[in-house]
Colleague: 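Following this message is one structure expressed as structure tokens.
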2 protein chains.
Amino acid sequence: MEQTVTLDQVARRAGVSSSTVSRIINGTARVSDAKRETVIRIMAELNYRPNVLARSLASGRTMGVGILTQDISSPFYGSMLRGIEGALQGTGYHPIFISGHWHLQEELEAIDFLLSRKVDGVIVLGGGVPDHRLQEVSRQLPMIVLGRTVPGLEDQCLRLDNRAGAYEATRHLIELGHRSVAHIAGEPTHRDAQDRVDGYRAALEDAGLTFDADLVQPGDFHEAAGFLAATRLVDGRKVFSAIFAANDQMAYGARLALHRKGLRVPEDISLVGFDDLPGSMYTTPPLTTVQQPVEDMGREAALGMLRLLRGERAEVARLDVRLVLRESTVRRRNP
Amino acid sequence: MEQTVTLDQVARRAGVSSSTVSRIINGTARVSDAKRETVIRIMAELNYRPNVLARSLASGRTMGVGILTQDISSPFYGSMLRGIEGALQGTGYHPIFISGHWHLQEELEAIDFLLSRKVDGVIVLGGGVPDHRLQEVSRQLPMIVLGRTVPGLEDQCLRLDNRAGAYEATRHLIELGHRSVAHIAGEPTHRDAQDRVDGYRAALEDAGLTFDADLVQPGDFHEAAGFLAATRLVDGRKVFSAIFAANDQMAYGARLALHRKGLRVPEDISLVGFDDLPGSMYTTPPLTTVQQPVEDMGREAALGMLRLLRGERAEVARLDVRLVLRESTVRRRNP
DNA sequence: TTGTAGGCGTTATCAA
DNA sequence: TTGATAACGCCTACAA
């Protein structure tokens, strides 16, 4: 066990007071060049490492930003975390990740955890924490919310237009001549999922097509649900020539189900996803999907947080979704 | 901004000393039921939250376990982190993730960061930190290493037999009648990648097949590299009827390249991956691959860490890889 | 069983 | 420009 070198020891060895050493470390005030140099030398000699805990306790700042995510291992959240990580890099602030696993109780505990760790700010990625709790938290420290809008905190919330993305995806299929487009919906309690159904429905109706509830299959954003939903669709008595899945992971599942049923993508069935996960460029065929600038969202959130920490306004940038055309969609054979 | 309630305030309000409150919180000593009850009541009333920083500074323990990973957003590391998270859940210890991004300098800084945060232990997931540095760290606090073996710290290291996995994957292809099996290698500096080439080669030679360097294409564990490698293989003048990719992500890329070249999997080319990522069950066709119990590895590492923290030996369990047969491999047509 | 007092390693306030 | 000195919030002998 190495001995921990304290600031006091450095001070004593350098023949100055501890305050002087502290000032040199933090650049809090002017210090004579002579003393500065010796202190810096001694610090190096002793391999001095400031104790972050003590420093935080005394200063009231931890330089930590709490990130409440749902699932650290999901490709979607992973990219977002990467964006956050990147933006914080080199700022002195660092992220502290904790996941709620789509479980309200865990999420609430996670927030308590972050507060008890005295993070300087919190970034919340979606989830189900009630608005009022987030409003409380926001009263205590800087907060940015991704993927939902909290009343009263609109300018700290970064949301994408899921409805528009779904609308565009569906319209794309309609423009390719598909008159009967199925939808595999996301986790029903999830706001994004609802918005995507809305966009899907609006596109149908704007094109003069009737919305058919039988063509909307429930799902939960995971591959298995997509597989089952597509299987049900194929086995059902409704005909359809295209599927819009509420996210890429379900599109993967659906794609396999179609394969199992002997249906080709896109020759027999066109398929569109949502998210543009890293893997979607490499599915067979590569997936047409609605691209969310996930990593950018993370970055924007972090930049907004840095602004809040400087006492400025968050001013999170508006980010757009866009449809990425690849090879899983094609003009309908017999229009 | 809400006022922070301190332990002292609770004590005063409850008419006891602060030590008594501390004892109740930590269960350090017997306290009369009467006092205990009122203190607990007051804590609830005041919504008291212990200050973790102060607690750690005083006690010398932070209850934090540092996790040095390479890439928080990779599906591979994601699953591992999930395993760690799960095992730590409810133990009072909590993970602190930080990623080195496959970059030595960042990794070294990450370790310094964790040490300066005074974590109680460190779990290192692979990476390139030199052995001697890890040995130093291990002298300061409990450490578990995943994916590599550090001399002198063997019983704190959890490694899988990559060579055996690759051997088995290759042998599987050979047993299906494939006489010419190509390999897409992983990041060359990565120990696992080397072991997998070794296993591939050994399986060939044990079967009396000659190792052909032209059939081994370099890669880096990402989809794009797999795509390029497979393209090169097809365009090359060597014939082959099967590919063993050093990981699933490259297998995905290879699968798309084959699709582009009009080659079917598995009818024309059999394909095997390594890792068994969550998505590999849903590729078309589902991918035959070597399953690494990634989440289990994370769990075992965390359990080992908990043992070290209790002062026991790490005794990390041995975990095996196994070949998962799916639909991307099939008996060779004209043996 | 309870309280007092000192300490954990820094920062911040005040004088000097 | 510097140095005492008092926080920061909690834990832990030691004493009662």
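Residue numbering restarts at 1 for every chain, and letters A, B, ... go by the order of the sequence lines.
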Colleague: With respect to the side chain of A:L57, which nucleotide from D:dC10, C:dT10, D:dG9 is positioned closest?
Modeller: D:dG9
Colleague: Strictly under 3.5 Å: I want the nitrogen or oxygen pairs between protein and nucleotides 3-6 of chain C, one per line.
Modeller:
| residue | atom | partner | partner atom | Å |
| --- | --- | --- | --- | --- |
| C:dG3 | OP2 | B:S17 | N | 3.0 |
| C:dG3 | OP2 | B:S17 | OG | 3.2 |
| C:dG3 | OP2 | B:T20 | OG1 | 2.7 |
| C:dG3 | N7 | B:R23 | NH1 | 3.2 |
| C:dG3 | N7 | B:R23 | NH2 | 3.4 |
| C:dG3 | O6 | B:R23 | NH2 | 2.3 |
| C:dT4 | O4 | B:S19 | OG | 2.9 |

Colleague: Looking for any heavy atom pair under 4.0 Å, which part of the strands does A:N26 touch: base, sugar-phosphate only, or nothing?
Modeller: sugar-phosphate
Colleague: Starting from P on D:dT1, measure out to CG on A:D33 and report it in whole angstrom.
Modeller: 10 Å
Colleague: Under 4.0 Å from OP1 or OP2 of D:dC11: is there any side-chain N or O of B:R55 that close?
Modeller: yes
Colleague: Between A:S32 and D:dT2, is there a contact of a side-chain N or O with OP1 or OP2 at under 4.0 Å?
Modeller: yes
Colleague: Look at all strands and tell whether A:R49 reaches a base, only sugar-phosphate, or nothing, counting heavy atoms closer than 4.0 Å.
Modeller: sugar-phosphate
Colleague: Nearest whole Å is fine: how far is C:dG9 C1' from B:K118 NZ?
Modeller: 9 Å
Colleague: Locate the shortest heavy-atom distance separating A:R307 from A:E315; write the atom from each residue and the value.
Modeller: NH1-O, 3.2 Å
Colleague: Checking A:E300 side chain against A:V316 main chain: does a donor-acceptor pair fall under 3.5 Å?
Modeller: no
Colleague: Does a side-chain N or O of B:N51 approach OP1 or OP2 of D:dC8 to a distance below 4.0 Å, or not?
Modeller: no
Colleague: Starting at CZ of B:R12 and ending at P of D:dC10, how long is that distance when rounded to a whole Å?
Modeller: 12 Å
Colleague: Going by an N to O cut-off under 4.0 Å, is there a salt bridge joining B:R139 and B:E136?
Modeller: no
Colleague: What is the distance, rounded to the nearest whole Å, between atom CD of B:Q9 and atom P of D:dA7?
Modeller: 15 Å
Colleague: What is the distance from CG of B:L7 to C1' of D:dC10, rounded to the nearest Å?
Modeller: 6 Å
Colleague: Roughly how many Å is it from CG in A:D8 to P in C:dC8, rounded to a whole number?
Modeller: 9 Å
Colleague: Give the minimum heavy-atom separation between A:T6 and A:Y48, together with the two atoms involved.
Modeller: C-CE1, 3.7 Å
Colleague: So how far is it from A:L125 CG to A:D71 CG, rounded to the nearest 0.5 Å?
Modeller: 11.5 Å
Colleague: Just by distance, do the side chain of A:E154 and the backbone of A:G152 share a donor-acceptor pair under 3.5 Å?
Modeller: yes
Colleague: Expressed in angstrom and rounded to an integer, what is the separation of A:L46 atom CG from C:dG9 atom P?
Modeller: 14 Å
Colleague: Nearest to the A:S59 side chain among D:dT12, C:dT11, D:dC8, which nucleotide is it?
Modeller: C:dT11
Colleague: Quick one: label B:S22 by what it contacts on the DNA or RNA (base, sugar-phosphate, nothing), any heavy atom closer than 4.0 Å.
Modeller: base
Colleague: Both B:A29 and A:L53 contact DNA chain C. Which one's nearest nucleotide lies toward the 5' end?
Modeller: B:A29
Colleague: With rounding to the nearest 0.5 angstrom, report the OG1 to CG distance, A:T62 to A:L57.
Modeller: 11.5 Å
Colleague: Compare every heavy atom of A:E107 with every heavy atom of A:G127, then report the nearest pair and how far apart it is.
Modeller: CA-OE1, 3.4 Å
Colleague: Select one nucleotide: of D:dT2, D:dC10, C:dT2, the one nearest the side-chain heavy atoms of A:V31.
Modeller: D:dT2
Colleague: Using whole Å, report how far CD1 of A:I25 lies from C1' of C:dT11.
Modeller: 10 Å
